[in-house]
Structure formats: structure tokens, C-alpha cells
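Down below is the structure, laid out as C-alpha cells.
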Amino acid sequence: MSQMGGRVFQNISRGALTLLLSVALSADAAPPQPPADADLAVQARDAWVKRDRKRLASYADAARAQGHPLAGWVEYFDLNARLSEVRQPEMDAFYARYPGSYVEDRLRNDWLLELGHRRDWSNFRRDHASYQMRDDREVACYVMLADHAAGTKVDVEAARNAWMAQKDGDEGCQQLASALVDAGLFKPDTLWAKARLATEQSRPRAARQAVALLAAKPLDQKLAELQDNAGRYLTRQARTSPRPEAELTALALARVAANDPDQAAGLLRDKWSKLPPELQAWLWVQIGRQSALRLQDAALAAFERADKLAPDLAWSDDAAAWAARAALRARQPALALRAIERLSANEQRDPAWAYWKARATRLQGDAHGARVQLTTLSSTPLNYFGRLAAEDLGLPTPLPPAPSPLTAEERRAAQQHAGLMRALRLIDLGLRSEGVREWNFSLRGMNDRALLAAAQEACDREVWDRCINTSERTKTEIDIAQRYPTPHRAELLREAQASGIDPAYVYGLIRQESRFVLDARSHVGAAGLMQVMPATAKWTAKKAGINYSAERMHDRDFNLRIGTQYLKLVLDRFEGAQALAAAAYNAGPGRPARWRDGPVIDAAIWAENIPFNETRDYVRKVLLGGAVYAQVMGLPTTSLRERLGRSVGPAGAAAADVSDVPPAAVGDGKS
């Protein structure tokens, strides 16, 4: 989250800010004066959004003259808005005024992108040496481009990985790729691999950029045509040779597979079986992935066909993950293990795949190997998969012991930390995005005790999202009261009781939905603590006989009432199944109703096969939150497995024990 806003600033400095060049600055016009009754930072942010450079210049001068506590931000907005015209001395003066601050490094990041755009490698190298965050992929590409321009040998594999990871076609990585193509270091097979990956990720622009580097105009035109209408391209122009034509045909078939994997499978079998084997294999992977996303039984056969055609073909992590999920759904442990082994080393270390590897290992008959793997995972019971592992082994899942109280010195260090205090002021002014970025930057390098002190400062000020997220960074000292706070407790208990639902489940949901930010509003319009959409709130109010008005959705008590009533309606629709209800709350009731069709399967495997990444993660965190909150609040505890349920199947289907977890090994509810 902390970097997303910075990326917006960077994009503006490269694209939308070109509009600023047309803003006339009259020499004899009096500069607008900043209003005396409004905070300069708020006014500057507003002027930055409106591209009002006159106001920005005025506010920057006033902020410096006043010694405004957020002067750095005011000046940041001013400089960012005219970055294409700035020269190095002005930037150096800004760095000198705000050394070590977030705005210094944020503007340095923006300036590095501008310097890369200008090919000013001398200033780029100098500024990059002082760049702290170093988390911008485009800047990293410019670093390699600068090395290449200076005649320094570039790590081609690192450059390839950076370019392949680029999703939205930024200038730096594209220019790096172009330079390495010209130098003969990127071959056509690399460019086609990028085009295939971009097509798999539904990023047509990135695919076009990759093919454009082949410097073959007819290929550019044909790619545009197949992206416009893949079916027509296959009918009129597609060929199986030479290789560039075969690649384009594969891209067209992948586009068909994205909409109708069955149709793509039929075309590949009947008409395009003379494509090179590795391209056929890649297409079968795409067909399998799209079938798995639709929870279709045909997915496994497609993945197996790909494996036979080209056993050494590299699959994307996303494709391998869906092959593993499809195998788990079909209770095919050997295929699940094979798919998990196709994941990158980093992905295989993820607790999710460590857990599913253990489950597949047990289904293969290796109980000892599975127990070893599960035991390792069970040491992290505040992780969804760590808790499932502990419950599978029949181990208790107690809350961690409270850390020793913070000392006065530790509290004072947090309260006197300039970056943290600026962040809290920004948030208090309503500049939450800027405040969050400043806060997260300020946490870098803090040990557990400093993180706990910073989190406590946020907790005390009821800035709950920073309280929770900061506390979650600690490694060994865990303050469960910070990680799972219970604000609005009396009101929430009242509304949960009135709706007849588990308050711990409600707390888990709100913690994930809004982090207890009262004025939270999503990009799609969901509002308040429980992030209810306006149409949903209106419908729920009518069902529950509550007088509704949109203005009341940011009233805490009204939001809780509408949210808990809606959650109760959803729970009732899904026979009280918390996993299905959480999925419905996030993705809408119609989707989980479809996702439950098919065979009765283990509930944990059903949750793993949720097609939306956001919803899958949401369900995990809401259910884990419910289990932990029950312990925090001293409520009757239930295991995570009980909250998941034993099985999921079509509405009305009898519950079945389809898990490989022995019933006696499941947690008994005590912790």
C-alpha cells in the first residue's frame, strides 16, 4: 500500500503532467494567496490534483516561510507537478532541506525516473547512490540501462527477470529490453516468451511492446488484429509456420481459451495440432488454467497433456498453482505434488504451498513426512495455514504471551519520531494515502520493541490500520491486543447479538474490510466499518425494516446495524457456512453459490479453489480472525477447521467427511 501512491505520483510525472506544460504563468499576475483558515498541506494536495501550478508555487513559498510542519509535503507537490522542467540544483536544495525524510526519498524516486527518461546518467548515478527505498522496478531497469550505456556488462538474466516481471509497460524496462535486443543479448525467443506471458496475464499492451521489439511491421499489425478478434484471425490469417506465424497463432488460441477453454481445446486438437510441441504444450497449460479457474474437471487432462508434450516447459507460477488446486480438488495427490514442484522456489516457501504439499504427501501414504512438514508450519498459529497445520496434528493453538510493557523511553522515542508524527498529522488532516506512506517509510529498520511502541502510539490515537499493520511486523514479540484490537466493542456486541451472529466472526470481517477505519471508502463505493455497498445497504435496510439514507452509512452504529443484518442474511442463505458467507460478503452471493456446485469436497480445498485471489485471501483472513478474536474476547472458542466446515458441496447436499485429516486429529475447540 505504501508504494502504490508513489507509483501514482511517478506516472503523473511521466504522463499526465505533460499537461502542465500548457499552463500559462502570467508574469504580471499576482500569485494566489493561500487561505488562512485551511491547512497548507491539504490545499497543496488539492492544487496538485487540479494541476494548479500557481497555487502550488504560492503554497510552497508560504510553507517555507512559516516553517510549516508539513512543508516537505507542500514542496513535494509543487516540485512533482513540474518535474519535467526542474534542474538538479533545485532538487539538491530540496534534499538538503528534508534529509532522511520520506518526501526526500519519494521525490528522489520520481526524479530518478525523470533522469532516466532524459538519459542523464551522470546525475542518475549520483542520485541513485542516496536512494533508500530501492523498490521501484522501473528505476532498477534504468540502473541496468545506465550500466549498459557506460559499457559495463549487464547481468542478462537479471535484466530478463526484471523485464518479464514488468506488467504495465513502463519506459525504463522497455528501453532496457530494446537496448539489449540491439546488442544481441535478448533473442527472439525471449521476446516471444514475454508476449506469451503478457497474453496469459491479459496484458495486451505489454504483449504488443514485446513483439514490437522484433522490428517486423507485419507482425505488429497481425498481433493487433488477433487481439481485436482472435477468431477471425484464426480463420483468415493464422499459420503454423514459420516460427513467428506459429507464435502469433498460439497467442490467438490463448485469447480464445481465455473466453472458452473447451473451444480452444477443440481447435487445438482438430486444426492446429501441427504447431510446434512446446507451443501446443503452452496452450494446453492455458486451457488447463482457464478450466481450473472455472472449476471444470477437464483442467487436469489439459495440464497432463501439456506435460507429455513438453515435460521441461517452464510454467508461470499462476498456471502451476492452478494445476495444483485442480489436482487437490480431484484428490490426485501425485499430480498436486508435481504441480507444486513446478512453482518457483520463492512460491514453494509460501505457507500455503508448504501446507498443501504436506497434505498431498499424507495422501500419498507418507504420514511421517507429512507430520514433519506440518510440525514446522504449526509454529505460526497466527497464520491461517500454520493454525490449520496445528489443528491437523491435534496441537493446541494458544495465544502468544504478552510482551513486557513498553518503557517510558520506548514510548517517548515513538512520540518524538518526526516521520511518525508527520504521518499521524497527515492522516488526521484526511491525507490518509500520504500519511500511510510516510508511516511505513518511518518503520524501516525498527526492531520489535520500536515497532510495538509505534503501533501503540497508533492504537492510542485510534488509527487502527497503522496499529494493526505495524504490530504485524514484529517477529518474536507479539502483542495480540495490538494485532487484534476490539474497538467499538459494546456497539458491535449489541448489533451482533441483535442479528444473531458470532461477534468474533464480525470482528474478523471488519478487521479485514476496513481495519476499523470509520470513514473508509473503497474504490467501488463501499462505505464505513463494514464496507457495505450502497445498493446492498438499501436492499438490506428494506429487508430488515430499517430507515435508510446514504448519509448514515458513515455513522458507526448504523453501519454496524446494516452490516450485521446483511451478514446474517448471507449466512442464512449458505446454511450458516462461514467460509461461503465470507466469500459472498466479498464477491457477492451469486459467485460462491456457483463455486459450490460440483462434487462435495473438503472445505479447505474448496476455499483454496476460490477463483479470485482477493476473495481467497479474504476468506482465509476472516476465518482466522474469527478464531483468534474468540480467544481474545474470551468467547466460546472454535477451531479454524470448525469455522471452515468439514465439506462444501451443492446446496442441500449431505455433509461428508472428505478430508484426509483424521477427525480425531482436528482441534477440539480448546486452546
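In this chain, numbering begins with 1 at the start of the sequence shown.
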From [X] atom [atom1] to [Y] atom [atom2], the distance as rounded to the nearest 0.5 Å:
X      : Y      : atom1 : atom2 : answer
Leu197 : Met164 : CG    : CE    : 5.0 Å
Leu443 : Arg473 : CG    : CZ    : 4.5 Å
Asp46  : Phe77  : CG    : CZ    : 10.5 Å
Glu90  : Glu85  : CD    : CD    : 10.0 Å
Leu112 : Met91  : CG    : CE    : 8.5 Å
His68  : Asp39  : NE2   : CG    : 4.0 Å

With [X], which residues qualify under side-chain hydrogen bond (donor to acceptor under 3.5 Å, both in side chains), at least two apart?
X      : answer
Ser122 : none
Glu200 : Gln286, Ser316
Asp78  : Arg82

Problem set entry | Criterion side-chain contact (heavy atoms from CB on, under 4.5 Å) on Val622 and Arg511, from CA distance to verdict | CA-CA 8 Å; Val622 169; Arg511 183 181 186 272; over 6 Å; no
Are [X] and [Y] within salt-bridge range, i.e. N to O under 4.0 Å?
X      : Y      : answer
Asp105 : Arg444 : no
Arg125 : Asp147 : yes
Arg119 : Glu171 : yes
Glu472 : Arg515 : yes

Examine the side chains of [X] and [Y] and answer whether a donor and an acceptor come within less than 3.5 Å of each other.
X      : Y      : answer
Glu434 : Trp73  : no
Thr474 : Arg483 : yes
Asp318 : Gln201 : no
Asn109 : Arg106 : yes
Asn613 : Arg616 : yes

Minimum side-chain heavy-atom gap [X]-[Y] below 4.5 Å:
X      : Y      : answer
Asp465 : Val436 : yes
Tyr384 : Lys621 : no
Gln456 : Glu410 : no
Arg466 : Asn440 : yes
Phe186 : Val156 : yes

Exercise. Are the aromatic rings of Tyr102 and Trp439 close, with centres under 6.0 Å apart?
Worked result: no
For this session: Please lay out, stage by stage, how Asp479 and Ser471 fare under the test side chain to side chain donor-acceptor pair (under 3.5 Å).
Result: CA-CA 7 Å; Asp479 188 334; Ser471 191; 5.9 Å; no
Problem set entry | Worked verdict on Arg118 versus Ser84 for side chain to side chain donor-acceptor pair (under 3.5 Å) | CA-CA 9 Å; Arg118 297 180 187 183; Ser84 62; over 6 Å; no
For this session: Check step by step if side-chain contact (heavy atoms from CB on, under 4.5 Å) holds for Asn346 and Asp317.
Result: CA-CA 10 Å; Asn346 188 54; Asp317 277 343; over 6 Å; no
Exercise. Relative to each other, are the rings of Phe124 and Trp121 parallel, tilted or perpendicular (30° and 60° limits)?
Worked result: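 Taking Trp121 first and then Phe124, their aromatic rings stand perpendicular (interplane angle over 60°).
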For this session: For the residue pair Tyr629 and Tyr507, categorise the inter-ring angle as parallel (less than 30°), tilted (30 to 60°) or perpendicular (more than 60°).
Result: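 If you compare the ring of Tyr629 with that of Tyr507, the planes turn out parallel.
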Ring pair (Phe, Tyr, Trp, His ring centres under 6.0 Å) partners of [X], counting only residues at least two apart:
X      : answer
Tyr618 : none
Tyr98  : Phe94
Tyr355 : Phe385

For this session: Before giving the answer on salt bridge (charged side-chain N to carboxylate O under 4.0 Å, His left out), spell out for Glu457 and Arg412 the whole-Å C-alpha distance, their side-chain angles and the decisive distance to 0.1 Å.
Result: CA-CA 10 Å; Glu457 192 63 25; Arg412 189 160 47 249; over 6 Å; no
Problem set entry | Closest non-hydrogen atom pair, Arg449 against Pro405 | NH2-O, 3.0 Å
Exercise. Is the backbone of Val49 close enough, under 3.5 Å, to the side chain of Arg51 for a donor and an acceptor to pair up by distance?
Worked result: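 Side chain of Arg51 to backbone of Val49: a pair is present.
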